[in-house]
Amino acid sequence: MFETLGKAPVDGILELSRQYQCDQRNDKIDLGIGVYRDEANQIPIMRSIKAAERQLYQVQKTKTYLSPSGDPVFGEQMIDLVFGADADPDRISACQTPGGTGALRIIGELLAQARPGTSVWLPQPGWGNHEVIFAAAGLELKFYPYFDPRTGGVEVSATLDALSAARSGDTVLIHACCHNPTGADPTKAQWLQLAKFLESRELFPLIDMAYLGFGGGLEQDGFAARLIARTCQESAIAVSCSKSFTLYRDRVGAAILVGKSKSVRDIAFGQIQAVARGMYSMPPDHGAAAVRTLLGDEFLRKQWRDELEAMRTRIVRLRADLASAQRRFTHSYRRSQIERQNGMFSCLNLTPDQVRLLRDRHAIYMLDNGRINISALQSEKVEIFADALASI
Ligand code: LMR
């Protein structure tokens, strides 16, 4: 049976991590996979999460099955986190999922059922796994240009030009904040333009929210989702708790559906639960239970917000430090794009050969498209990295 299979395609991000693990050099630097690294080069678990897990250990009495949509309290908390006072209980519901990827996949399945033969439009550049997820869900992949390397910002007119070819009912995937891989996010004016365009063309917005709290902060990072829910009749949001709660391997996320009416939303919510039941029956719960405990406890909630904000501001500081080191090493006075971009990632303007040179000569690992994880640049590595960059 298995001999009929061809080799699986290589996932660039996971393969880079594997190569990094195999590198024996002591001074190696991993700017590859998107995980938050602290000043000690650790991928920490937040103190608030640890405390919530301790509480959970004391009070949890059973691990019996939940339902395909997980714990309804967790769903409400995710809606509250994204929408706050804007949450409309008649239009919005949420389903606990195995990570943000699980949310994207079941939303993809739902869209393929609702509109067979529909396309999903992905930003280019984007996160490679989106293609795998939506192709597996049976959607046709199309691409729209997103990033303007000259300004380091979003090329919104090119985006809208490309999306003019989309058919009514097609899905447009948008990164809520901290665009992966470029760190370039639309301005508020560009978001307004985009939201109006999507509504007028009857396109379905699917928002990937994997870095909530890392861009402009918790409130600002939910702006696009709230605006789109107000402007467009329907939308969906895939929330990931991997980065924002440091729960990567526990697989915690939510699929939030925004319907045009209560009855349509209820049908969609029933269908997405049926999809989840058929794919994995029900989501894992340990990490989600920790989030539930944390968000339900005023003290832990505050501690979590502070920890997340400290991570965000550290990245902002590292961006400024890197930009100023680059100016020193290249004798330039230009303001760097890196300072204007958001979240963990930016894409450096490097050729694949230059990326390879950095890996071979300097043991510095980044994605082939020049994407770097800024949080992995501890203060003492900023100078080393800027020096290596200038040398190639
Ligand atoms: C990344 O982009 O590096 C992260 O989202 C991790 C992953 O699963 O690819």
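Start at 1 and go down the list; that is how both ligands and their atoms are numbered.
- When hydrogens are left out, the protein atom nearest atom 9 (O) of ligand 1 is W127 NE1, 3.0 Å; that is the closest non-hydrogen contact.
- Here the closest non-hydrogen pair linking Q96 and D285 is NE2-OD1, 3.0 Å.
- At a 4.0 Å heavy-atom cut-off, ligand 1 does not touch Y248 at all.
- Smallest separation of non-hydrogen atoms from Q303 and S48: OE1-CA, 3.5 Å.
- The cationic group of K243 does not satisfy the cation-pi geometry with F214, failing either the under 6.0 Å distance to the six-membered ring centre or the 45° limit from the ring axis.
- Within the 4.0 Å heavy-atom criterion, the part of N180 lying near ligand 1 is the side chain and not the backbone.
- For the ligand labelled ligand 1, residue R371 lies inside the 4.0 Å heavy-atom shell.
- The nearest heavy-atom contact from the protein to atom 5 (O) of ligand 1 is K243 NZ, 3.1 Å.
- The aromatic ring centres of W304 and F245 sit less than 6.0 Å apart.
- Pairing each heavy atom of D185 with each of C177, the nearest pair is OD1-C, 3.4 Å.
- If you check which protein heavy atom lies closest to atom 6 (C) of ligand 1, you get I33 CG1, 3.9 Å.
- Using a non-hydrogen distance threshold of 4.0 Å, N129 does not register as a contact of ligand 1.
- Seen from the ring of Y20, K28 counts as a face-on cation partner, given the 6.0 Å and 45° thresholds.
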